[in-house]
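Structure first, then comments.
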2 protein chains.
Amino acid sequence: MPLPIRISHDSAEPLYHQIASQMRSLIFSGQLPAGTLLPSIRELAVETECSVITIRRVYQELESEGLVRTRQGTGTFVSEVEADRRGQYQYEAVRDALKQALERIKMSGLGEREVRDVFEQALRDVFPSEEGTR
Amino acid sequence: MPLPIRISHDSAEPLYHQIASQMRSLIFSGQLPAGTLLPSIRELAVETECSVITIRRVYQELESEGLVRTRQGTGTFVSEVEADRRGQYQYEAVRDALKQALERIKMSGLGEREVRDVFEQALRDVFPSEEGTR
DNA sequence: ATATGTGTTTATATCTATATACACAGTATA
DNA sequence: TATACTGTGTATATAGATATAAACACATAT
């Protein structure tokens with residue numbers, strides 16, 4: 001089963017960074033629970049249309065952060081992660097992404113009101129009108 | 001007068017890319033009208049805390065896109081830009097910035113309430129309390 | 001044993017960022 | 001009117017980060 005990862009080869013953000021970042025989210029959000037066997041570096045390389053070495057680097061980086069554990073000849077597994085780090089990471093990731101987007105939008109000349117409107121509309125796509133939420 | 005440019009040395013996005021991207025916005029949005037004399041590469045290098053060569057590269061890239069015109073010994077000036085390209089670029093810039101942030105939000109697994117809270121916080125960071133805006 | 005799946009190492013190309021020394025344009029001034 | 005000065009951009013060489021290919025080594029099941 002392929003991982004829900006979306007990378008862009010046109011983006012200025014380096015490939016290994018995009019992949020690592022998204023895998024952190026998957027792990028911290030619990031979508032990849034501790035013990036899960038990750039795809040082999042070759043599988044993930046195909047899936048993300050990049051080289052095996054790049055994936056290898058991602059796994060190494062995640063291992064150095066204690067998020068995964070890799071064993072030669074066997075595979076790479078998700079490690080146990082303290083609850084503390086979970087919420088913290090997701091919160092900061094979203095906060096940074098939002099800030100960056102807002103900076104970008106502001107620079108285009110839009111004012112606070114317009115930025116809010118644009119974003120409000122976008123949010124409705126992500127959280128499709130749950131009637132009872134109001 | 002320094003340009004309203006904000007770059008991050010920690011970001012995964014390359015320096016020259018951050019700078020070029022923001023200068024495009026300034027030009028396309030009309031905040032830097034045609035004929036404007038841009039800061040010298042040394043000034044902008046100091047302002048952005050990067051090397052002269054990096055700024056030079058940015059100016060070269062913008063020149064190759066027809067956005068600026070540079071003359072040795074004199075300086076770099078903003079060129080005339082067709083109205084067509086303006087709206088187009090700004091629209092796409094906003095659209096892409098939003099898209100990226102939303103992808104990140106989806107992947108985080110945070111709920112609507114939390115996302116909205118984070119958004120308000122980020123919005124305040126980017127638009128520091130302009131009292132009269134309401 | 002050996003076949004097939006893992007991860008690993010080594011060498012290489014390209015991209016990003018830098019420092020240093022150079023060349024041109026305009027201005028002051030002798 | 002020369003000429004030196006000070007500001008511009010420019011060229012060359014180099015270091016580090018990013019991405020790759022190809023050959024290697026380990027683990028497990030036949």
Side-chain angles (χ1 to χ4, degrees), chain A residues 1-3 5-24 27 32 35-79, chain B residues 1-3 5-24 27 32 35-79:
Chain A
M1 165 188 162
L3 296 184
I5 284 185
R6 290 214 152 271
I7 59 120
S8 162
H9 285 267
D10 301 326
S11 169
E13 186 182 359
L15 275 177
Y16 85 90
H17 197 279
Q18 292 182 49
I19 299 170
S21 166
Q22 294 186 33
M23 294 203 66
R24 282 190 203 97
I27 294 174
L32 289 176
T36 304
L37 172 60
L38 294 176
S40 77
I41 57 178
R42 285 171 184 82
E43 278 180 307
L44 192 48
V46 170
E47 186 183 336
T48 58
E49 291 178 309
C50 74
S51 96
V52 170
I53 318 291
T54 299
I55 305 298
R56 154 86 166 136
R57 175 170 176 184
V58 169
Y59 280 7
Q60 271 185 311
E61 195 159 301
L62 294 180
E63 180 161 34
S64 80
E65 299 168 5
L67 297 187
V68 306
R69 175 68 190 281
T70 188
R71 281 181 301 180
Q72 182 168 350
T74 306
T76 300
F77 300 83
V78 177
S79 303
Chain B
M1 168 187 165
L3 297 184
I5 283 185
R6 289 214 155 271
I7 60 120
S8 163
H9 285 267
D10 302 325
S11 168
E13 186 182 357
L15 274 177
Y16 85 91
H17 197 278
Q18 290 182 51
I19 300 171
S21 165
Q22 294 186 33
M23 293 203 65
R24 282 190 203 94
I27 294 174
L32 289 177
T36 304
L37 172 60
L38 294 177
S40 77
I41 57 178
R42 284 171 183 83
E43 279 180 306
L44 193 47
V46 170
E47 186 182 337
T48 58
E49 292 178 308
C50 74
S51 96
V52 170
I53 317 291
T54 299
I55 304 300
R56 155 86 164 136
R57 176 171 176 185
V58 169
Y59 280 6
Q60 273 186 312
E61 194 159 301
L62 294 179
E63 180 161 35
S64 81
E65 299 167 6
L67 297 188
V68 305
R69 174 67 190 283
T70 187
R71 281 182 301 180
Q72 182 169 351
T74 305
T76 301
F77 300 82
V78 177
S79 302

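Here is how names work: the chains are called A, B, and so on, in the same order as the sequence lines, proteins then strands, and each is numbered from 1.
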Main-chain N/O of B/Thr70 paired with B/Glu63 side-chain donor or acceptor, under 3.5 Å | yes
Kindly compute the distance separating NE2 (A/His17) from OG (B/Ser11), expressed to the nearest 0.5 Å.
-> 7.5 Å
Which is true for A/Arg42 with a 4.0 Å heavy-atom rule: it touches a base, it touches only sugar-phosphate, or it touches nothing?
-> base
Along DNA chain D (nearest heavy atom to each residue), the more 5'-positioned of A/Val52 and A/Tyr16 | A/Tyr16
Write down the atom of B/Ser8, the atom of B/Leu15, and the distance for their closest heavy-atom approach.
-> O-CD2, 4.4 Å
OP1 or OP2 of C/dT18 less than 4.0 angstrom from a side-chain nitrogen or oxygen of B/Thr54, does that happen here?
-> yes
Separation of D/dT12 P from B/Arg56 CZ (nearest whole Å) | 11 Å
Side-chain atoms of B/Ile53 come closest, of C/dT18, D/dG9, C/dG7, to C/dT18
Closest to the side chain of B/Pro14, out of C/dT6, C/dT16, C/dA19, is C/dT16
Does B/His9 use its side chain to pair, donor to acceptor, with the backbone of B/Thr48 at less than 3.5 Å?
-> yes
Rounded to whole Å, the CD1-C1' distance (B/Ile55 to C/dA17) equals 11 Å
For A/Arg69 and D/dA27, give me the distance from atom CZ to atom C1', rounded to whole Å.
-> 14 Å
Please report, rounded to the nearest Å, how far the P atom of D/dT20 is from the CG atom of A/Leu44.
-> 12 Å
If you check every side-chain atom of B/Thr70, which of C/dT6, D/dT20, D/dG9 has the closest atom?
-> D/dG9
Could you state the NE2-P distance from B/His9 to C/dA17, rounded to the nearest angstrom?
-> 10 Å
Picking from D/dG9, D/dT28, C/dA19, the nucleotide nearest the side-chain atoms of A/Thr74 would be D/dT28
Return the value, rounded to whole Å, for the distance between atom CG of B/Leu15 and atom P of D/dA17.
-> 13 Å
For D/dG7, does OP1 or OP2 lie under 4.0 Å from any side-chain N or O of B/Ser40?
-> no
B/His17 NE2 - C/dA17 C1' separation (whole Å) | 15 Å
What's the CD1-P distance between B/Ile41 and D/dA11, to the nearest Å?
-> 11 Å
Heavy atoms only: give me the nearest B/Cys50-B/Ile55 pair and the separation to one decimal.
-> SG-CD1, 3.6 Å
5' priority, DNA chain D, between B/Gln72 and A/Arg57 [closest heavy atom] = B/Gln72
Side chain of B/Ser51: nearest nucleotide among C/dT18, C/dT16, C/dT9?
-> C/dT18
